[in-house]
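What follows is a single structure, written as structure tokens, with notes after it.
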2 protein chains.
Amino acid sequence: MHLRIVLVEPLYDGNVGFAARAMKNFGYSDLVLVNPCAVGKEGIARAAHARDVLENATYLTIDEVFETSHVTVATTGAVSKSASHPMRMPFCTPRELREFAEDIDGTVSILFGRENWGLNNEEVKRCDIICTIPTSEIYPITNLSHAVAIICYELSQLKPLVSIPLATYKEMEHLYIHIDEFLDDVDHPDFKKENTMILIRRVLGRMKLTWREVTTMHGLMRRAQRRMKNSQLEIKQE
Amino acid sequence: MHLRIVLVEPLYDGNVGFAARAMKNFGYSDLVLVNPCAVGKEGIARAAHARDVLENATYLTIDEVFETSHVTVATTGAVSKSASHPMRMPFCTPRELREFAEDIDGTVSILFGRENWGLNNEEVKRCDIICTIPTSEIYPITNLSHAVAIICYELSQLKPLVSIPLATYKEMEHLYIHIDEFLDDVDHPDFKKENTMILIRRVLGRMKLTWREVTTMHGLMRRAQRRMKNSQLEIKQE
């Protein structure tokens, strides 16, 4: 799926710059501008390190947008309240759009309207799909660049670049054996031990410990065990 | 779960205003500012109809933030590359944070750092959880207000206010019967019919049609059927 972000007649170049930045944050670069405001200093400043996205933006007419897309998506704050008004019904959420779009082999153009009144009915009419970001009834109008950021975030579904090396089953079992031994060393009453071990397993089990965290726990218990033994020796020697 | 957004030493009031707006868009209002820049005209303009969120923001010290929260979350662009550096490891994504937080009965404070260098190590150290928005390696630094918008979007999980009235099973079956009849009326060859009906079911089945869309299809077929009958009558009369 090739994602294209289309800003239809944006009024403020600051928003255009911010939208370019949000796109690049999520790995997208195909920005199309339809009859936009002049993009000046403010736009470039807000694009920050996404100046390339802004400068490589394509200027198309609305007809050209449709002619060069496989699927067109109209983003809209207002949706129809009834199925009797098919202009903005049915609609999907960004999450549903992701599921719909992920296996598309072609260009999916997502259209965002003007800051003051969005896409007009003519534009919405021609789109294949209506997408709306679920928002609070009290203040449903999101900033244009925020809407772009949320759609890009949702559609990109990037994975964190770093993975978290969890402790293996064996490492966890080894830890529980050590804790069991530690409970003996601190004279934890035998009759309580089984329940305490279950409790500890519940706590540590839901922690998704990394190997490093497990290693540190071993280390701390070993130190405590050593210290306890030393004091016992000292007591004996006295 | 009570969500609190904490901006730690934000440098630009425009971002503070935008953050307030994004919060209100997703139904949140508890904004905390720690030693922020002066919030002036620009901040108020960008907050737009979330001026109340901005004006009701609480000014706290970083200590007070921790003292009044049940769970604290440090948002960070950079995460540790290895589990050997537990400062920013392990971490979770906004989606994982949502799953973690949804059954919490208490205040979850999400800390966002300065625009230029984020949260410092002292602040990160004291937080319970590290959260990172997965971004492109090429340009991982998101705008502060975009990060707030994405976290609020993800955690709010609002449902669209309007539901989509899909056609019922019965209504769909009734439609297929009508289409079957229509195929006869247009002399669709009998030997092709079964496969054509399967194809039509595949197409319409994945469309999740609303009752209104089904009604319109019935109407169009009925009109065509009437017209065909009339022409036959006319032919006979001639």
Side-chain angles (χ1 to χ4, degrees), chain A residues 14 18 21-28 46 48-50 53 79-86 88-95 132-143 145-150 153-154 156-162 164-166 207-213 215-216, chain B residues 14 18 21-28 46 48-50 53 79-86 88-95 132-143 145-150 152-154 156-162 164-166 208-213 215-216:
Chain A
F18 260 158
R21 175 169 175 180
M23 287 174 64
K24 190 163 176 179
N25 285 155
F26 295 101
Y28 299 116
R46 300 236 196 129
H49 295 285
V53 173
V79 294
S80 301
K81 294 230 165 93
S82 144
S84 303
H85 300 94
R88 291 161 197 260
M89 165 75 81
F91 53 83
C92 67
T93 64
R95 191 144 310 165
T132 190
I133 297 173
T135 45
S136 158
E137 204 164 359
I138 295 164
Y139 188 18
I141 310 302
T142 61
N143 167 263
S145 76
H146 287 176
V148 171
I150 286 165
Y153 159 77
E154 186 65 73
S156 71
Q157 280 300 298
L158 294 171
K159 298 265 168 274
L161 296 169
V162 177
I164 299 170
L166 292 192
M207 292 296 103
K208 298 185 189 170
L209 294 172
T210 67
W211 63 262
R212 167 60 198 260
E213 290 162 345
T215 306
T216 298
Chain B
F18 260 159
R21 176 169 175 179
M23 287 174 63
K24 191 164 176 179
N25 285 156
F26 294 101
Y28 299 117
R46 298 234 198 128
H49 294 286
V53 173
V79 294
S80 301
K81 293 228 166 95
S82 145
S84 303
H85 299 93
R88 290 161 197 262
M89 164 75 82
F91 52 82
C92 66
T93 63
R95 191 144 310 164
T132 191
I133 298 173
T135 45
S136 159
E137 202 164 0
I138 295 164
Y139 188 18
I141 310 301
T142 62
N143 167 263
S145 76
H146 288 175
V148 171
I150 287 165
C152 289
Y153 160 76
E154 186 65 72
S156 70
Q157 281 300 296
L158 295 171
K159 298 264 167 274
L161 295 168
V162 177
I164 300 170
L166 292 193
K208 298 185 188 170
L209 294 172
T210 67
W211 63 262
R212 168 59 199 260
E213 290 163 345
T215 306
T216 299

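Chain letters run A, B, ... following the sequence lines, proteins first and then strands; every chain starts at 1. These numbers were taken from a predicted model, which means no experiment stands behind them.
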Q. By a 4.5 Å heavy-atom criterion (distance strictly below it), what part of Arg95(A) contacts chain B: side chain, backbone, both, or neither?
A. both

Q.
Test your reading of the model: is there a side-chain donor-acceptor pair from Arg21(A) to the backbone of Ile141(B), 3.5 Å cut-off?
A. yes

Q: Pick one of side chain, backbone, both or neither for Pro140(A), based on which atoms fall under 4.5 Å of a heavy atom in chain B.
A: backbone

Q.
Heavy-atom cut-off 4.5 Å, strictly under: side chain, backbone, both or neither for Ala48(B) against chain A?
A. both

Q) Which bit of Ser156(A) comes within less than 4.5 Å of chain B, counting heavy atoms only: side chain, backbone, both or neither? A) neither

Q | Contacting moiety of Ser145(A), where chain B heavy atoms sit under 4.5 Å | A | both

Q. Top residue by heavy-atom pair count (under 4.5 Å) with chain B, among Lys159(A), Glu137(A), Glu213(A), Arg46(A)?
A. Arg46(A)

Q. So what's closer than 4.5 Å to chain B heavy atoms on Ala50(A): side chain, backbone, both or neither?
A. both

Q | Part of Tyr153(A) lying under 4.5 Å from any heavy atom of chain B | A | side chain

(Q) Heavy-atom cut-off 4.5 Å, strictly under: side chain, backbone, both or neither for Lys24(A) against chain B? (A) both

Q | Region of Phe91(A) that comes under 4.5 Å of a non-hydrogen atom in chain B | A | both

Q. Side chain, backbone, both or neither: which part of Ile133(B) has a heavy atom under 4.5 Å from chain A?
A. side chain

